[in-house]
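Side chains are part of it too, since the values below use all heavy atoms of this structure and drop only hydrogens, waters and symmetry mates. First listed ligand is number 1; within each ligand, the first listed atom is number 1.
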Amino acid sequence: MNNQRTALVVGASGLVGGELLKVLLRDEAYTHVTALVRKPLAVQHPKLTQEVVDFANLSAVAAKITAQDIFCTLGTTIAKAGSQSAFRKVDYDYPLAVAEMALLRGAEQYLIVTAIGADARSAIFYSRTKGEVEHAIEALGYKTFVAFRPSFLAGDRPEMRLGETLGIGVAKFWSFAMIGPLAKYRVIDADVVASAMVLEAKRAVPGRRVIESDAIQALYDQAQR
Ligand SMILES: NC(=O)c1ccc[n+]([C@@H]2O[C@H](COP(=O)([O-])OP(=O)(O)OC[C@H]3O[C@@H](n4cnc5c(N)ncnc54)[C@H](OP(=O)(O)O)[C@@H]3O)[C@@H](O)[C@H]2O)c1
(Lines give C-alpha, C1' and ligand atoms only; values in the text may rest on other atoms or scores of the structure.)
Protein backbone atom coordinates (compact mmCIF):
# COMPACT_ATOMS: atom_id res chain seq x y z
CA MET A 1 0.00 0.00 0.00
CA ASN A 2 1.27 3.46 -0.94
CA ASN A 3 1.53 5.59 2.21
CA GLN A 4 2.02 8.90 0.43
CA ARG A 5 -1.40 9.39 -1.12
CA THR A 6 -3.07 12.68 -1.99
CA ALA A 7 -6.82 13.18 -2.12
CA LEU A 8 -9.26 15.69 -3.50
CA VAL A 9 -12.79 15.80 -2.12
CA VAL A 10 -15.78 17.40 -3.82
CA GLY A 11 -18.79 17.57 -1.53
CA ALA A 12 -16.84 17.93 1.73
CA SER A 13 -19.53 20.15 3.27
CA GLY A 14 -22.14 17.40 2.95
CA LEU A 15 -23.10 14.47 5.14
CA VAL A 16 -20.89 11.80 3.54
CA GLY A 17 -18.27 14.32 2.43
CA GLY A 18 -17.84 15.67 5.97
CA GLU A 19 -17.27 12.16 7.30
CA LEU A 20 -14.91 11.45 4.43
CA LEU A 21 -12.85 14.51 5.24
CA LYS A 22 -12.49 13.35 8.86
CA VAL A 23 -11.39 9.86 7.78
CA LEU A 24 -8.87 11.18 5.26
CA LEU A 25 -7.38 13.74 7.66
CA ARG A 26 -6.72 11.15 10.35
CA ASP A 27 -5.42 8.51 7.93
CA GLU A 28 -1.63 8.52 7.77
CA ALA A 29 -1.67 7.08 4.26
CA TYR A 30 -2.89 10.49 3.06
CA THR A 31 -0.31 13.26 3.21
CA HIS A 32 -2.46 15.96 1.66
CA VAL A 33 -6.17 16.57 1.15
CA THR A 34 -7.75 19.26 -1.03
CA ALA A 35 -11.42 20.14 -0.61
CA LEU A 36 -13.23 21.98 -3.40
CA VAL A 37 -15.97 23.95 -1.67
CA ARG A 38 -18.47 26.72 -2.34
CA LYS A 39 -17.95 28.25 1.11
CA PRO A 40 -15.01 27.79 3.51
CA LEU A 41 -15.43 24.94 5.98
CA ALA A 42 -14.91 25.47 9.71
CA VAL A 43 -12.39 22.63 9.82
CA GLN A 44 -8.68 23.44 9.78
CA HIS A 45 -5.89 20.90 9.55
CA PRO A 46 -2.25 21.02 8.47
CA LYS A 47 -2.94 18.44 5.74
CA LEU A 48 -5.99 20.27 4.39
CA THR A 49 -6.18 22.89 1.64
CA GLN A 50 -9.57 24.38 0.94
CA GLU A 51 -10.23 25.78 -2.50
CA VAL A 52 -13.32 27.97 -2.69
CA VAL A 53 -14.57 27.58 -6.24
CA ASP A 54 -17.46 28.42 -8.52
CA PHE A 55 -18.64 25.02 -9.70
CA ALA A 56 -20.25 26.61 -12.74
CA ASN A 57 -16.79 27.73 -13.86
CA LEU A 58 -14.46 24.92 -12.85
CA SER A 59 -12.17 25.39 -15.82
CA ALA A 60 -10.99 28.64 -14.20
CA VAL A 61 -9.47 26.58 -11.36
CA ALA A 62 -8.47 23.53 -13.40
CA ALA A 63 -4.86 23.71 -12.17
CA LYS A 64 -6.08 23.14 -8.60
CA ILE A 65 -8.07 20.03 -9.48
CA THR A 66 -5.26 17.63 -8.89
CA ALA A 67 -4.62 14.63 -6.61
CA GLN A 68 -4.06 10.91 -6.92
CA ASP A 69 -7.44 9.94 -5.51
CA ILE A 70 -10.57 11.93 -6.34
CA PHE A 71 -13.58 11.45 -4.05
CA CYS A 72 -16.94 12.83 -5.17
CA THR A 73 -19.89 13.06 -2.79
CA LEU A 74 -21.65 15.95 -4.49
CA GLY A 75 -25.38 15.76 -4.80
CA THR A 76 -28.66 17.55 -4.47
CA THR A 77 -32.33 16.77 -5.00
CA ILE A 78 -34.63 17.98 -7.74
CA ALA A 79 -36.68 19.76 -5.04
CA LYS A 80 -33.62 21.55 -3.61
CA ALA A 81 -32.13 22.39 -6.99
CA GLY A 82 -35.44 23.68 -8.33
CA SER A 83 -35.46 21.85 -11.65
CA GLN A 84 -34.24 18.68 -13.33
CA SER A 85 -31.60 20.61 -15.25
CA ALA A 86 -30.27 22.30 -12.09
CA PHE A 87 -30.17 18.88 -10.38
CA ARG A 88 -28.29 17.40 -13.32
CA LYS A 89 -25.62 20.10 -13.10
CA VAL A 90 -24.74 19.01 -9.55
CA ASP A 91 -25.16 15.26 -9.94
CA TYR A 92 -23.78 14.85 -13.48
CA ASP A 93 -22.01 17.91 -14.96
CA TYR A 94 -19.84 18.86 -11.96
CA PRO A 95 -18.68 15.32 -11.05
CA LEU A 96 -17.82 14.69 -14.71
CA ALA A 97 -16.02 18.02 -15.15
CA VAL A 98 -13.91 17.33 -12.05
CA ALA A 99 -13.16 13.83 -13.34
CA GLU A 100 -12.01 15.13 -16.72
CA MET A 101 -9.84 17.88 -15.29
CA ALA A 102 -8.24 15.71 -12.62
CA LEU A 103 -7.45 12.94 -15.10
CA LEU A 104 -5.60 15.42 -17.31
CA ARG A 105 -3.45 16.24 -14.27
CA GLY A 106 -2.57 12.65 -13.51
CA ALA A 107 -5.30 11.46 -11.13
CA GLU A 108 -5.36 7.67 -10.83
CA GLN A 109 -8.53 6.81 -8.95
CA TYR A 110 -12.05 8.22 -8.95
CA LEU A 111 -14.49 7.19 -6.25
CA ILE A 112 -18.03 8.52 -6.37
CA VAL A 113 -21.17 8.12 -4.30
CA THR A 114 -24.18 7.69 -6.57
CA ALA A 115 -27.23 5.91 -5.13
CA ILE A 116 -29.06 2.64 -4.86
CA GLY A 117 -30.93 1.98 -8.10
CA ALA A 118 -28.52 4.00 -10.28
CA ASP A 119 -29.30 2.88 -13.80
CA ALA A 120 -28.67 4.74 -17.05
CA ARG A 121 -31.78 3.07 -18.55
CA SER A 122 -34.10 3.89 -15.67
CA ALA A 123 -37.38 5.67 -16.34
CA ILE A 124 -36.80 7.61 -13.12
CA PHE A 125 -34.84 10.80 -13.81
CA TYR A 126 -32.89 10.67 -10.51
CA SER A 127 -31.76 7.06 -10.96
CA ARG A 128 -31.05 7.59 -14.65
CA THR A 129 -28.82 10.61 -13.91
CA LYS A 130 -26.92 8.62 -11.26
CA GLY A 131 -26.44 5.75 -13.74
CA GLU A 132 -25.38 8.11 -16.50
CA VAL A 133 -22.75 9.83 -14.40
CA GLU A 134 -21.30 6.42 -13.49
CA HIS A 135 -21.07 5.49 -17.18
CA ALA A 136 -19.63 8.82 -18.28
CA ILE A 137 -16.83 8.81 -15.69
CA GLU A 138 -16.13 5.11 -16.09
CA ALA A 139 -15.57 5.74 -19.82
CA LEU A 140 -12.81 8.29 -19.14
CA GLY A 141 -10.33 5.53 -18.41
CA TYR A 142 -9.26 6.04 -14.81
CA LYS A 143 -6.91 3.34 -13.53
CA THR A 144 -9.52 2.69 -10.81
CA PHE A 145 -13.15 3.77 -10.88
CA VAL A 146 -15.50 2.85 -8.05
CA ALA A 147 -19.16 3.83 -7.71
CA PHE A 148 -20.74 3.43 -4.28
CA ARG A 149 -24.51 3.03 -4.30
CA PRO A 150 -25.80 3.58 -0.78
CA SER A 151 -29.37 3.15 0.34
CA PHE A 152 -30.96 5.83 2.52
CA LEU A 153 -28.22 7.62 4.49
CA ALA A 154 -28.27 8.19 8.24
CA GLY A 155 -26.06 10.68 10.07
CA ASP A 156 -26.01 14.08 11.74
CA ARG A 157 -27.51 16.31 9.12
CA PRO A 158 -28.12 19.88 10.34
CA GLU A 159 -31.27 20.36 8.29
CA MET A 160 -32.72 16.91 9.10
CA ARG A 161 -36.49 17.24 9.52
CA LEU A 162 -38.43 15.41 12.22
CA GLY A 163 -40.14 13.18 9.64
CA GLU A 164 -36.79 12.10 8.21
CA THR A 165 -35.39 11.36 11.68
CA LEU A 166 -38.44 9.25 12.52
CA GLY A 167 -38.30 7.56 9.12
CA ILE A 168 -34.67 6.56 9.64
CA GLY A 169 -35.53 5.29 13.14
CA VAL A 170 -38.32 3.10 11.78
CA ALA A 171 -36.18 1.87 8.87
CA LYS A 172 -33.32 1.00 11.26
CA PHE A 173 -35.75 -0.89 13.49
CA TRP A 174 -36.89 -3.02 10.53
CA SER A 175 -33.34 -3.61 9.26
CA PHE A 176 -33.20 -7.05 10.86
CA ALA A 177 -36.01 -8.17 8.55
CA MET A 178 -34.16 -7.00 5.44
CA ILE A 179 -32.13 -10.02 4.54
CA GLY A 180 -30.91 -11.61 1.30
CA PRO A 181 -31.78 -9.44 -1.70
CA LEU A 182 -33.43 -6.87 0.60
CA ALA A 183 -30.22 -6.22 2.58
CA LYS A 184 -29.13 -3.51 0.16
CA TYR A 185 -32.18 -1.42 1.15
CA ARG A 186 -31.11 -1.12 4.80
CA VAL A 187 -30.38 2.39 6.03
CA ILE A 188 -26.62 2.94 6.06
CA ASP A 189 -24.60 5.38 8.15
CA ALA A 190 -22.78 8.14 6.28
CA ASP A 191 -19.55 7.43 8.17
CA VAL A 192 -19.71 3.79 7.03
CA VAL A 193 -19.90 4.92 3.40
CA ALA A 194 -17.03 7.38 3.93
CA SER A 195 -14.81 4.76 5.59
CA ALA A 196 -15.55 2.20 2.88
CA MET A 197 -14.54 4.73 0.21
CA VAL A 198 -11.17 5.27 1.86
CA LEU A 199 -10.63 1.55 2.42
CA GLU A 200 -11.32 0.92 -1.25
CA ALA A 201 -9.06 3.79 -2.36
CA LYS A 202 -6.19 2.42 -0.29
CA ARG A 203 -6.62 -1.05 -1.79
CA ALA A 204 -6.04 0.68 -5.14
CA VAL A 205 -7.18 -2.30 -7.17
CA PRO A 206 -7.24 -1.31 -10.86
CA GLY A 207 -10.54 -1.67 -12.72
CA ARG A 208 -14.14 -0.54 -12.54
CA ARG A 209 -16.45 -1.55 -9.76
CA VAL A 210 -19.90 -0.79 -8.44
CA ILE A 211 -20.43 -1.40 -4.73
CA GLU A 212 -24.02 -1.80 -3.60
CA SER A 213 -25.18 -0.67 -0.17
CA ASP A 214 -24.99 -4.07 1.57
CA ALA A 215 -21.49 -4.60 0.16
CA ILE A 216 -20.44 -1.13 1.41
CA GLN A 217 -21.58 -2.18 4.88
CA ALA A 218 -19.75 -5.52 4.56
CA LEU A 219 -16.52 -3.81 3.49
CA TYR A 220 -16.70 -1.62 6.57
CA ASP A 221 -17.65 -4.48 8.94
CA GLN A 222 -14.78 -6.63 7.68
CA ALA A 223 -12.29 -3.84 8.37
CA GLN A 224 -13.56 -3.52 11.96
CA ARG A 225 -12.83 -7.19 12.77
N1 LIG B 1 -29.33 11.36 1.41
C2 LIG B 1 -29.54 10.11 1.12
O3 LIG B 1 -30.28 9.40 1.80
C4 LIG B 1 -28.85 9.50 -0.09
C5 LIG B 1 -29.11 8.19 -0.43
C6 LIG B 1 -28.41 7.61 -1.48
C7 LIG B 1 -27.49 8.35 -2.21
N8 LIG B 1 -27.29 9.67 -1.88
C9 LIG B 1 -26.26 10.39 -2.65
O10 LIG B 1 -25.08 10.37 -1.87
C11 LIG B 1 -24.29 11.53 -2.15
C12 LIG B 1 -23.94 12.19 -0.83
O13 LIG B 1 -25.15 12.51 -0.16
P14 LIG B 1 -25.17 13.46 1.10
O15 LIG B 1 -26.43 13.18 1.81
O16 LIG B 1 -23.86 13.39 1.79
O17 LIG B 1 -25.31 14.89 0.39
P18 LIG B 1 -25.45 16.30 1.11
O19 LIG B 1 -25.25 16.22 2.56
O20 LIG B 1 -26.73 16.92 0.61
O21 LIG B 1 -24.20 17.10 0.49
C22 LIG B 1 -24.20 17.44 -0.83
C23 LIG B 1 -22.91 18.12 -1.23
O24 LIG B 1 -23.11 18.62 -2.57
C25 LIG B 1 -22.83 20.00 -2.58
N26 LIG B 1 -23.74 20.73 -3.47
C27 LIG B 1 -25.08 20.71 -3.47
N28 LIG B 1 -25.55 21.56 -4.42
C29 LIG B 1 -24.46 22.13 -5.00
C30 LIG B 1 -24.29 23.07 -6.04
N31 LIG B 1 -25.32 23.65 -6.67
N32 LIG B 1 -23.03 23.41 -6.39
C33 LIG B 1 -21.98 22.86 -5.78
N34 LIG B 1 -22.07 21.95 -4.78
C35 LIG B 1 -23.30 21.58 -4.39
C36 LIG B 1 -23.07 20.49 -1.16
O37 LIG B 1 -22.33 21.69 -0.99
P38 LIG B 1 -22.93 22.95 -0.17
O39 LIG B 1 -22.75 22.60 1.29
O40 LIG B 1 -22.08 24.07 -0.63
O41 LIG B 1 -24.38 23.05 -0.55
C42 LIG B 1 -22.54 19.32 -0.36
O43 LIG B 1 -21.14 19.39 -0.22
C44 LIG B 1 -25.12 12.39 -3.09
O45 LIG B 1 -24.71 12.14 -4.42
C46 LIG B 1 -26.53 11.86 -2.90
O47 LIG B 1 -27.32 12.02 -4.06
C48 LIG B 1 -27.92 10.26 -0.83
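Using a 30° and 60° split on the angle between ring planes, Tyr110 and Phe145 fall in the parallel class, below 30°.
Between Gly14 and ligand 1, at least one N/O pair is under 3.5 Å apart. Looking at ligand 1, you'll find an N or O of Gly11 within less than 3.5 Å of one of its N or O atoms. Checked by distance only, ligand 1 and Lys130 come closer than 3.5 Å through their nitrogen or oxygen atoms. Considering backbone and side-chain atoms alike, Pro150 places every N or O at 3.5 Å or more from each N or O of ligand 1. Residue Tyr94 has no N or O atom closer than 3.5 Å to an N or O atom of ligand 1. The shortest N/O to N/O separation between Tyr126 and ligand 1 falls below 3.5 Å. Annotation: Phe55 places no N or O atom under 3.5 Å from an N or O atom of ligand 1; distance criterion only. An N or O contact shorter than 3.5 Å is missing between Val90 and ligand 1 by distance. Ligand 1 has an N or O atom lying under 3.5 Å from an N or O atom of Arg38, backbone or side chain. For Leu153, a nitrogen or oxygen atom sits less than 3.5 Å from a nitrogen or oxygen atom of ligand 1, counting backbone and side chain alike.
Residue Ser13 approaches ligand 1 through these ligand atoms, each under 4.0 Å from one of its heavy atoms: 36 (C), 37 (O), 38 (P), 39 (O), 40 (O), 42 (C), 43 (O). Within ligand 1, the atoms closer than 4.0 Å to a non-hydrogen atom of Thr73 are 11 (C), 12 (C), 23 (C), numbered from 1 in the order shown. Short contacts between ligand 1 and Leu15, defined as distances under 4.0 Å to a heavy atom of the residue, involve ligand atoms 15 (O), 16 (O), 18 (P), 19 (O). Listed by atom number, the atoms of ligand 1 under 4.0 Å from Val16 heavy atoms are 16 (O). Near Ala115, the atoms of ligand 1 lying under 4.0 angstrom from a non-hydrogen atom of the residue are 6 (C), 7 (C).
With Asp189 contributing its side chain and Asp191 its backbone, the two residues share no donor-acceptor pair below 3.5 Å. With hydrogens and angles ignored, the 3.5 Å screen pairs no side-chain donor or acceptor of Arg149 with any backbone N or O of Thr114. Side-chain N or O atoms of Thr6 include none that pairs as donor or acceptor with a backbone N or O of Ala67 at under 3.5 Å.
In this structure, Tyr185 places its OH atom where only 12 or fewer heavy-atom neighbours from other residues, nucleotides or ligands lie under 6.0 Å away. Residue Glu28 qualifies as open at atom CD: its count of foreign heavy atoms under 6.0 Å is 12 or below. Remark: Lys47 NZ is packed, more than 12 non-hydrogen atoms of other residues, nucleotides or ligands lying under 6.0 Å away.
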Derivation and outcome, salt bridge (charged side-chain N to carboxylate O under 4.0 Å, His left out), residues Arg5 and Asp27: CA-CA 10 Å; Arg5 307 199 72 82; Asp27 193 322; over 6 Å; no
Pair Glu51-Thr34, side chain to side chain contact (heavy atoms under 4.5 Å, CB included): steps then yes or no: CA-CA 7 Å; Glu51 298 291 353; Thr34 302; 3.8 Å; yes
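For the pair Ser151 and ligand 1, a heavy-atom separation below 4.0 Å is found.
When Asp91, Leu36, Thr114, Val187 are ranked by how near their heavy atoms come to atom 9 (C) of ligand 1, first place goes to Thr114. The residue from Pro95, Ala194, Gly75 that puts a heavy atom closest to atom 26 (N) of ligand 1 is Gly75.
The same ILVMFWY cluster, assembled from side-chain heavy atoms under 4.5 Å apart, contains both Leu20 and Ile188. When the side chains of ILVMFWY residues are joined at heavy-atom separations under 4.5 Å, either directly or via intervening members, Tyr94 and Val37 end up in two distinct hydrophobic clusters.
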